Every structure is written in C-alpha cells, then in structure tokens.
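Mind having a look at this structure? Questions to follow.
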Amino acid sequence: MTGLLETTAERRARRKRQPAQDERPAWMGRQPRWATAARGVLLTAACLAVIVPFVAVVMTSLAPQRDISARGGLVLFTSEPSLAAYRAVLSGGVVTRALTVSVVVTAVGTILSLACTIMLAYALSRPGSLLHKPILLMTLFTLLFNPGMIPMYLIVKQLGLIDNLAALILPVVVNAFNVIVMRSFFLELPGELTESAKIDGAGELRILTSIVLPLSKAVVAVVGLFYAVAYWNAFFSALLYLPSPEKWPLQLVLRTFVVNQTPLGTDELSASTESLPPQASIQMAILVMSVIPILIIYPFIQKHFSKGLLIGAVKG
Amino acid sequence: MSSGIKVRPEAGAGPGAPAVREPRLRGQLAARWQRDRVLLVLAVPGVVVLVVFHYLPLLGNVIAFQDYQPFLGISGSDFVGLSNFSVIFDGDPEFLNALVNTLVITMVQVLFVFPLPIALALVLNTMLNERAKRLTQSILYLPHFLSWVIVVALFQQMFGNGGMLNEWLRSADLGTFQIIGVPELFKLLITSQVIWKDTGWSTIIFLAALSKVDLNLYEASAIDRAGPLRQLWHVTLPAIRPVIVLLLILRLGDSLTVGFEQILLQQGPVGAQASEVLDTYVYNNGIIGGNWGVSAAVGLVKGLVGVVLVLGANRLAHAMGERGVYSK
C-alpha cells in the first residue's frame with residue numbers, strides 16, 4: 001500500500017505476478033559461470049559461519065559426558081542426545097530464577113515501551129499540531145547526545161531504583177530511534193482514512209486504535225522486536241544497577257558461568273549430586289536457552305524487515 | 001516529510017471552528033489546544049521518560065566540576081573548577097592509553113568493517129533467485145539480534161583454548177593456536193566479532209538503497225555497451241553514495257564509542273593496556289574505582305566531542321554536495 005512495509009497478502013500477490021525465478025532483466029549481461037560459483041561459495045561460507053556455532057552449541061548441550069570427553073570440547077554430532085542438562089538447569093536454582101527475571105523484564109518492558117512509543121509517535125504524526133516542533137526536536141536531540149554513564153547512574157540512584165528490576169526498564173522505555181521509525185510509518189498512511197473517521201465523529205483515541213494501529217501491524221511488530229531483543233539482551237544495565245545476584249537476568253548468569261567459566265555445582269542447580277550432567281552440557285544449555293526466544297520470534301518478525309524501514313527512519 | 005496526514009484544517013479556519021471573539025492570538029492558541037489536547041496527553045509519558053532519563057542526567061554532569069562524594073551528594077560536594085579535566089589536558093597515561101586504543105579500534109573498524117556490508121549487499125543484489133536471496137538474508141541478519149554475552153561465549157567456544165578449533169588442531173597434531181586472551185590479538189578478535197555480528201544486518205540499508213536505483217539507468221548503460229563493472233562504477237555506486245556518506249557520518253560521530261559491552265566482557269585476561277577504551281575507562285575508573293568527578297569529566301568531554309564530530313562530518317558532507325543526516 002505504502003511501499004514501506006509490505007503485508008503478507010501483498011507479498012503473495014507480488015510473488016504470483018512474478019512467478020518465474022531467475023528472470024534476468026534484458027539489460028543485465030549473462031553472469032559468467034565463475035562469478036556465480038564464487039558468489040555461491042562466498043555466501044555459503046558466510047551462512048555456515050553463522051550456523052555451525054549454533055549446531056555445535058545445541059549438540060554439546062545434548063551430549064553425554066562420553067562424547068564430550070572424546071571430542072575434548074564442543075560436539076558437532078551426538079548419537080544419544082539427552083535432555084539431562086536442561087532438566088538440571090530448569091529444576092530450580094540460579095538459572096531458573098534468572099530465566100524468570102529475564103522473561104518478566106522482557107514482557108513488561110516490551111509492553112510499556114510499545115505503549116509509550118506508539119502514543120508519542122502518533123502525537124508526533126500531525127505536523128502543525130500544538131507544540132509539534134519542540135517535542136519532535138526534543139526527541140531527535142536525544143539521538144545526538146548521550147548523557148553519559150555516570151550521570152545516568154546517579155539519576156537511577158536518586159530515584160531509588162538501584163537493585164530494583166524497574167531500573168532495567170524505565171531508563172530505556174522510550175527509544176527515540178524507534179519513535180521516529182514508527183512516526184515515519186504513521187505519516188505514510190493515507191490521510192483520507194483519518195479524515196473520514198473524523199467526519200464520522202471519531203476522536204483521536206478512536207482513530208489511533210481502530211484505524212491507525214490495525215494498518216500498522218508490521219511496524220509495531222518490528223519495533224516490538226527491537227525492544228524485546230534489547231530487554232532480553234540487556235547485560236550492562238543489570239551489572240550496573242543490580243548489585244544483588246539473586247535479581248540477575250539470564251545474560252549476567254551467562255557471563256558468570258559461561259564466559260567466566262565459574263563451575264556450576266549442586267548449590268546453583270539444586271539438583272541431586274550423583275547424576276550431574278557434564279559441565280560443558282550445562283553451560284551450553286544455558287547458552288541455548290538465552291538464544292531460543294530470539295530464534296523463536298525471529299522468523300515471524302523477519303518477514304517485515306522490508307526495504308523501507310530504515311530509509312523511512314532516516315528520512316524523518 | 002512531504003506526505004503528512006492532511007486532516008487538519010488551519011487553526012480556526014475549519015467549517016466547524018467556533019467563532020473567535022477573544023484577541024486573535026489567544027483565541028488561536030485556545031482553539032489549537034482544544035483541537036490537539038488529546039495528542040499532547042498521548043505524548044506525555046514518552047516526553048516524561050525522555051526528560052527524566054535523557055535531559056535530567058545532562059544536569060548531573062555538574063559533578064564533572066565537583067569533588068563528588070556519594071555520601072555528600074551533588075548539593076554537598078565541593079566545586080573544584082576544572083581540576084577534574086586535568087586528566088585530559090595534562091595527559092594522564094591511563095587516559096591516553098584508553099584514548100589511543102579507542103582511536104585505533106575506530107580506525108581499524110572504519111577501514112575494514114565499514115566497507116564489508118556494502119560489498120556483501122552488492123553481492124546479494126546480484127542474486128536473481130529471490131528465495132535463495134531471502135534465505136541467505138535471514139541467516140545473515142540473525143547474529144545482530146544476539147547479545148554480546150552470547151557472541152563472546154560463542155567465540156570462546158569456537159576459538160578458545162579448549163574450543164573447537166584448538167581441539168581439532170590438537171587432534172591433528174598441529175599444536176594449538178592461542179587467540180583468546182592474547183593482548184596482541186585483542187583488537188583483531190573484537191573486530192572479527194563485530195564483523196560476525198553485524199555485517200549481515202548492516203546490508204539491510206544498502207539493499208534498500210540498491211532496490212531504489214532507477215532501472216532505466218541500467219538499460220541506458222547497457223545500450224551504451226557498459227559491462228557489469230562499468231555499470232557498478234557509473235550507475236550503482238553513485239546511486240547509493242548518499243547512503244554510504246550518511247552511514248559514514250554516523251560512524252565518525254561515534255568515533256569515541258567502541259564496543260563497550262563487548263570489551264568489558266573480555267577485559268579480564270588481556271589486561272587494561274591492550275583493552276581499555278574510553279567507555280570502559282569511565283566505568284572502571286568511576287563506578288568501580290570511585291573517581292566520580294574525573295570519570296564524569298571524561299564522559300562529558302567524550303559526549304561533546306561526539307556531537308562536534310557528527311555536526312562537523314555533516315557540514316563536510318554538505319560542502320561536498322551530499323545530503324547528510326539532515327538538510328539545511
């Protein structure tokens with residue numbers, strides 16, 4: 001419709017229109033064989049560089065001690081996969097608690113962020129409205145100047161948010177870049193729709209919820225993904241604002257036990273002593289769990305990363 | 001932006017606008033308030049957050065001019081003028097080390113990391129099979145969404161001492177190759193991590209620009225018997241030049257910011273000499289070391305220099321006839 005982000009239906013329609021694959025436009029010379037081959041090798045290598053580490057990590061998390069000892073470290077294939085490491089990690093203890101913290105922070109944070117961002121972006125989507133320019137400039141300026149780590153820490157401390165999970169959310173609840181992305185999308189929507197709704201007597205809130213939002217699912221999905229990923233991946237804010245380890249999210253636990261290689265014992269896992277799965281499997285299981293949520297939502301949102309998204313942002 | 005929503009009539013000029021009795025300006029303001037108050041209310045939560053967490057902390061930079069003591073607070077600490085800034089102007093060795101490391105890493109990354117997504121986008125753009133192209137893109141975008149903790153952990157597992165590469169070398173009797181925890185290789189290591197994580201995702205904006213190139217230009221150039229290389233040089237690259245310039249400006253504006261989380265995670269084994277950058281200096285010196293005033297001073301100067309760099313680079317771009325980050 002707008003060419004900014006296409007919907008599934010539009011994409012399907014476009015695919016139907018251009019059924020033939022590999023259609024070479026008339027102006028394009030025939031690509032020489034060696035060039036095609038070189039491109040194939042290059043891109044395959046790049047994709048493997050992304051995929052192989054994942055396969056190795058997942059396989060190692062499933063492998064028994066015997067395979068791990070045989071290979072010395074990571075395992076690319078295991079003949080008898082077992083979920084023992086996941087059971088040990090998820091049966092209560094440090095990792096389970098961290099997982100809960102991460103899930104709660106991500107869920108609450110994403111909802112709050114989307115609400116604030118949608119409202120601000122909508123308020124900024126009417127050039128010429130009262131205070132439009134000052135608010136827009138105020139939003140844009142935050143992209144130019146970062147207040148700095150120390151003053152941020154002092155503000156969070158002043159507000160009494162140290163050691164409070166809210167410190168992971170409130171300081172980053174609105175990201176000016178995401179506001180601008182969403183605003184550009186709202187600006188591209190045809191004005192006639194809102195105009196006719198206005199004539200029918202709909203108020204701003206009604207227009208936002210019944211007309212603008214239903215048309216903006218793609219941008220809401222992408223911006224929601226950006227926020228969710230940022231909350232899920234937050235590591236430094238937790239290190240800075242949360243002194244007590246029992247409040248740590250998964251990323252900090254991952255740093256302690258996987259990056260810094262602190263061994264996990266029965267204290268951390270609250271599992272039975274005898275049948276502790278291999279340390280390497282446990283570490284890799286934590287790693288896998290920190291990646292899985294991203295791998296799950298990624299394919300659903302990825303189709304919306306269409307061409308105009310960032311261009312629109314830059315134009316604003 | 002050209003195509004704004006053109007719903008609103010001019011203030012007070014619409015058919016349903018109430019008759020204006022008061023002095024004109026005040027009446028207009030009242031009418032606009034009447035019309036736009038819902039929008040303003042919607043803006044409030046976002047504006048409050050931005051004020052509290054972006055503008056109030058700017059005031060907190062006052063401690064850069066204080067001998068700040070946490071138990072005295074901002075109001076109780078003594079003002080010491082510019083003495084905190086002496087670290088910068090007298091060239092404290094630790095600070096200079098952090099500055100040099102930062103600039104070296106920025107230079108390496110602008111030279112070797114910045115062009116990669118452009119090249120990759122050009123390669124992807126020559127793929128005619130839409131499905132294969134989409135699949136490749138999906139795979140290559142993915143690492144961008146992983147946290148630095150995950151990326152660092154993956155690199156350790158692959159290249160660490162007990163990692164996959166070294167186990168394989170050992171089993172092949174080739175000895176081991178120390179990559180992680182070696183100060184000399186540290187900058188190389190973090191650069192390759194940045195390449196792995198972000199090259200794919202960074203192509204997205206170049207691919208967007210490439211998709212907007214006017215196809216007639218290619219047709220015309222083909223009629224003029226331009227080969228693929230000439231088309232690349234005379235059509236494709238000029239068409240995406242504004243985007244390249246724009247991203248280069250943004251990157252230069254970030255010259256003093258290099259991979260804070262990434263470096264913080266890996267500082268332990270390599271030591272400060274090889275790995276300290278300005279952001280980790282502020283953290284290690286201020287929040288860990290308790291030199292609040294000095295750290296805030298360094299952070300403040302870094303922020304100001306960043307603004308100057310962006311504006312300067314942008315002005316340069318305008319002087320060269322490019323659009324830059326903003327026009328005018």
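None of these values were measured; they are calculated from a predicted model. Below, read A as the first sequence line, B as the second, and so on, with proteins coming before strands; counting in each chain starts at 1.
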Can you say whether B/Val49 sits under 4.5 Å from chain A via the side chain, the backbone, both, or neither, judging by heavy atoms?
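Contact with chain A involves the side chain of B/Val49 alone.
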
Test B/Leu154 against B/Ile150 for side chain to side chain contact (heavy atoms under 4.5 Å, CB included), laying out the working first.
CA-CA 6 Å; B/Leu154 284 176; B/Ile150 297 172; 4.2 Å; yes

Side chain, backbone, both or neither of B/Leu124 within contact of chain A (heavy atoms, under 4.5 Å)
side chain

Heavy-atom proximity to chain A below 4.5 Å, by part of B/Ile63:
side chain

Go through A/His132, A/Met138, A/Met152 and name the one with the most non-hydrogen pairs under 4.5 angstrom from chain B.
A/Met138

Toward chain B, the part of A/Leu254 with a non-hydrogen atom under 4.5 Å
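Both backbone and side chain.
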
Identify which part of B/Phe155 has an atom lying under 4.5 Å from any heavy atom of chain A, answering side chain, backbone, both or neither.
neither

Below 4.5 Å, heavy-atom pairs only: which of A/Leu130, A/Thr117, A/Leu120 has the largest tally toward chain B?
A/Leu130

Counting neighbours of CD on A/Gln158 that are heavy atoms of other residues, nucleotides or ligands and sit closer than 6.0 Å, is the number greater than 12?
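Atom CD in A/Gln158 is not crowded, with 12 or fewer foreign heavy atoms closer than 6.0 Å.
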
Which region of B/Gln156, side chain (C-beta onward) or backbone (N, CA, C, O), has a non-hydrogen atom less than 4.5 Å from a non-hydrogen atom of chain A, or is it both or neither?
side chain

Counting only non-hydrogen atoms closer than 4.5 Å, does B/Leu40 touch chain A with its backbone (N, CA, C, O), its side chain (CB onward), both, or neither?
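Side chain only.
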
Any carboxylate oxygen within less than 4.0 angstrom of a Lys/Arg side-chain nitrogen, looking at B/Lys302 and B/Asp279?
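The answer is yes: the pair qualifies as a salt bridge.
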
Of the listed B/Val41, B/Thr126, B/Val282, the one with the largest count of heavy-atom pairs under 4.5 Å with chain A is B/Thr126

Side-chain donor/acceptor of A/Gln283 to backbone N/O of A/Phe257, under 3.5 Å:
yes

For B/Tyr281, does its backbone N or O pair with a side-chain atom of B/Asn285 as donor and acceptor, under 3.5 Å?
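Here the side-chain-to-backbone pair does not exist.
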
Most heavy-atom pairs under 4.5 angstrom with chain A, which of B/Leu146, B/Thr136, B/Val47?
B/Leu146

Per-residue contact mode, A/Ile118 against chain B (heavy atom under 4.5 angstrom):
neither

Interface residue of largest heavy-atom contact number with chain A, from B/Gly46, B/Ala43, B/Ala226, under 4.5 Å:
B/Ala43

Do the side chain of A/Arg183 and the main chain of A/Leu124 share a donor and acceptor less than 3.5 angstrom apart?
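At least one qualifying donor-acceptor pair exists.
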
Among B/Ala64, B/Ser138, B/Ala220, B/Gly299, single out the residue with the greatest number of heavy-atom pairs under 4.5 Å to chain A.
B/Ser138

Mark yes or no for whether A/Ser61, through its side chain, and A/Met284, through its backbone, hold a donor-acceptor pair below 3.5 Å.
no

Interface moiety of B/Thr199 toward chain A, non-hydrogen atoms closer than 4.5 Å
neither

Identify which of A/Arg255, A/Lys157, A/Gln251 forms the greatest number of heavy-atom pairs closer than 4.5 Å to chain B.
A/Gln251

With a 4.5 angstrom heavy-atom cut-off, is it the side chain or the backbone of A/Tyr153 that approaches chain B, or both, or neither?
side chain

Non-hydrogen atoms of chain A under 4.5 Å away: do they reach the side chain of B/Leu210, the backbone, both or neither?
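When you check distances to chain A, no heavy atom of B/Leu210 falls under 4.5 Å.
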
Any ion pair linking A/Glu195 and A/Lys198 (charged N to carboxylate O, less than 4.0 Å)?
no

Whether B/Trp201 and B/His144 hold their rings parallel, tilted or perpendicular, with breakpoints at 30° and 60°
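Parallel.
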
Output the option from B/Met127, B/Gln157, B/Gln137 having the highest count of non-hydrogen pairs under 4.5 Å with chain A.
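Max contact count across the listed options: B/Gln157.
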
What part of A/Leu159 gets closer than 4.5 Å to chain B, counting heavy atoms only: side chain, backbone, both or neither?
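Contact with chain B is through the side chain of A/Leu159 alone.
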
Considering only heavy atoms, which portion of B/Leu120 lies under 4.5 Å from any heavy atom of chain A: side chain, backbone, both, or neither?
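Contact with chain A is through the side chain of B/Leu120 alone.
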
Under 4.5 Å heavy-atom distance to chain B, tell me which part of A/Leu225 shows up: side chain, backbone, both or neither.
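Side chain of A/Leu225 only, per the 4.5 Å heavy-atom cut-off to chain B.
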
Check for a donor-acceptor pair, side chain of B/Asp36 on one end and backbone N or O of B/Leu39 on the other, with a separation under 3.5 Å.
no

Please state whether the side chain, the backbone, both or neither of A/Val50 comes within less than 4.5 Å of a heavy atom of chain B.
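Contact with chain B is through both the backbone and side chain of A/Val50.
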
Hey, what's the ring geometry for A/Phe226 with B/Phe145, parallel, tilted or perpendicular (30° and 60° as the breaks)?
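Correct class here is parallel.
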
Tell me, side chain or backbone of B/Val38 under 4.5 Å from chain A's heavy atoms, or both, or neither?
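Contact with chain A involves the side chain of B/Val38 alone.
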
Part of B/Val52 lying under 4.5 Å from any heavy atom of chain A:
both

So what's closer than 4.5 Å to chain A heavy atoms on B/Trp148: side chain, backbone, both or neither?
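For B/Trp148, neither part sits under 4.5 Å from chain A.
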
Below 4.5 Å, heavy-atom pairs only: which of A/Thr139, A/Ile155, A/Val174 has the largest tally toward chain B?
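Most heavy-atom pairs within the cutoff with chain B belong to A/Ile155.
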
Are A/Val288 and A/Phe54 close enough, and set up right, to give a side chain to side chain contact (heavy atoms under 4.5 Å, CB included), and what steps lead you there?
CA-CA 8 Å; A/Val288 170; A/Phe54 284 102; over 6 Å; no

Ring centroids only, cut at 6.0 angstrom: are A/Tyr298 and B/Tyr141 within range, meaning strictly under it?
no

Should the heavy atoms of other residues, nucleotides or ligands under 6.0 Å from CZ of B/Arg170 be counted, would the total exceed 12?
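Yes, because the 6.0 Å sphere around CZ of B/Arg170 holds more than 12 heavy atoms from other groups.
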
Checking A/Ser125 side chain against A/Leu187 main chain: does a donor-acceptor pair fall under 3.5 Å?
no

Pair A/Glu204 + A/Arg126, salt bridge at N-O below 4.0 Å:
yes

Only pairs of heavy atoms separated by less than 4.5 Å count here; which of A/Leu170, A/Leu131, A/Asn146 has the most with chain B?
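Heavy-atom pairs under 4.5 Å are most numerous for A/Leu170.
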
Strictly distance-based, threshold 3.5 Å: is any side-chain N or O of B/Asn291 a donor or acceptor partner for the main-chain N or O of B/Val294?
no

Structural part of A/Val57 lying under 4.5 Å from a heavy atom of chain B:
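The side chain, not the backbone.
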
Among A/Gly148, A/Cys116, A/Ala56, A/Ser290, who wins on heavy-atom pairs under 4.5 Å with chain B?
A/Ser290

